[in-house]
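Written below as structure tokens is the structure these notes are about.
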Amino acid sequence: MDGEGFSGMANGGGGPADGKLIQTFHKSFVQVQSILDQNRLLISEINQNHESRAPDNLTRNVGLIRELNNNIRRVVGLYADLSASFARTMDASSEGDSSGTLRSSDGRAGQKRIRPG
């Protein structure tokens with residue numbers, strides 16, 4: 001992830017909030033990629049240890065699998081944070097567009113749905 005797509009989007013004319021959102025996305029995606037790269041190495045070592053059937057290596061796998069599980073939790077957390085950040089940004093940008101009233105396809109007015117979080 002080299003961020004080329006992000007810089008192109010950042011120059012696309014959005015406001016300061018758009019630039020901040022893109023920076024947040026880029027930072028989070030770099031963190032995710034780093035964790036996923038680490039997981040690839042962990043999985044490789046776990047597989048080698050498993051294939052060796054050596055008791056010490058199998059014992060070591062317990063810790064490696066715990067580390068892998070923790071890394072997966074971190075990735076899930078990063079994606080959850082990204083999703084929440086994106087939703088907040090979209091909600092904030094749409095608040096300036098209307099008074100909170102939406103029109104359905106049949107023309108009836110309704111209220112915006114408030115997302116928990």
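Given the structure is predicted, the values throughout are model-derived calculations rather than measurements.
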Are any side-chain N or O atoms of [X] and backbone N or O atoms of [Y], one a donor and one an acceptor, separated by less than 3.5 Å?
| X | Y | value |
| --- | --- | --- |
| Ser93 | Met90 | yes |
| Ser44 | Arg40 | no |
| Thr59 | Pro55 | yes |
| Thr24 | Lys20 | yes |

Less than 4.5 Å apart, any side-chain heavy atom of Phe29 and any of Leu82?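 The answer is yes; the side chains approach within 4.5 Å.
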Strictly by modelled atom types, are Asn71 and Glu67 linked by a side-chain donor-acceptor pair under 3.5 Å?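 No, no side-chain donor-acceptor pair sits under 3.5 Å.
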Please report the interatomic distance [atom1]([X]) to [atom2]([Y]), rounded to the nearest 0.5 Å.
| X | Y | atom1 | atom2 | value |
| --- | --- | --- | --- | --- |
| Leu68 | Asn61 | CG | CG | 10.5 Å |
| Asn57 | Gln48 | CG | CD | 9.0 Å |
| Ile65 | Ile46 | CD1 | CD1 | 5.0 Å |
| Leu36 | Leu41 | CG | CG | 11.5 Å |

Given side-chain hydrogen bond (donor to acceptor under 3.5 Å, both in side chains), test Asp37 with Gln33 step by step and report yes or no. CA-CA 6 Å; Asp37 290 342; Gln33 189 60 52; 3.0 Å; yes
Asp91 and Arg88: salt bridge (Lys or Arg N to Asp or Glu O under 4.0 Å), yes or no, with the steps? CA-CA 5 Å; Asp91 285 346; Arg88 279 192 305 273; over 6 Å; no
Shared hydrophobic cluster for Ile72 and Leu78 (ILVMFWY, side-chain gaps under 4.5 Å):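 As far as the 4.5 Å side-chain criterion goes, Leu78 and Ile72 are not connected within one cluster.
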Scan residues 73-87 for pairs that pass salt bridge (charged side-chain N to carboxylate O under 4.0 Å, His left out), counting only residues two or more places apart or in two chains.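 Of all non-adjacent pairs touching residues 73-87, none passes salt bridge (charged side-chain N to carboxylate O under 4.0 Å, His left out).
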Can you list the residues that meet the side chain to side chain contact (heavy atoms under 4.5 Å, CB included) rule with Glu45, with sequence neighbours excluded?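 Glu45: side chain to side chain contact (heavy atoms under 4.5 Å, CB included) contacts with Asn49, Arg60, Leu64.
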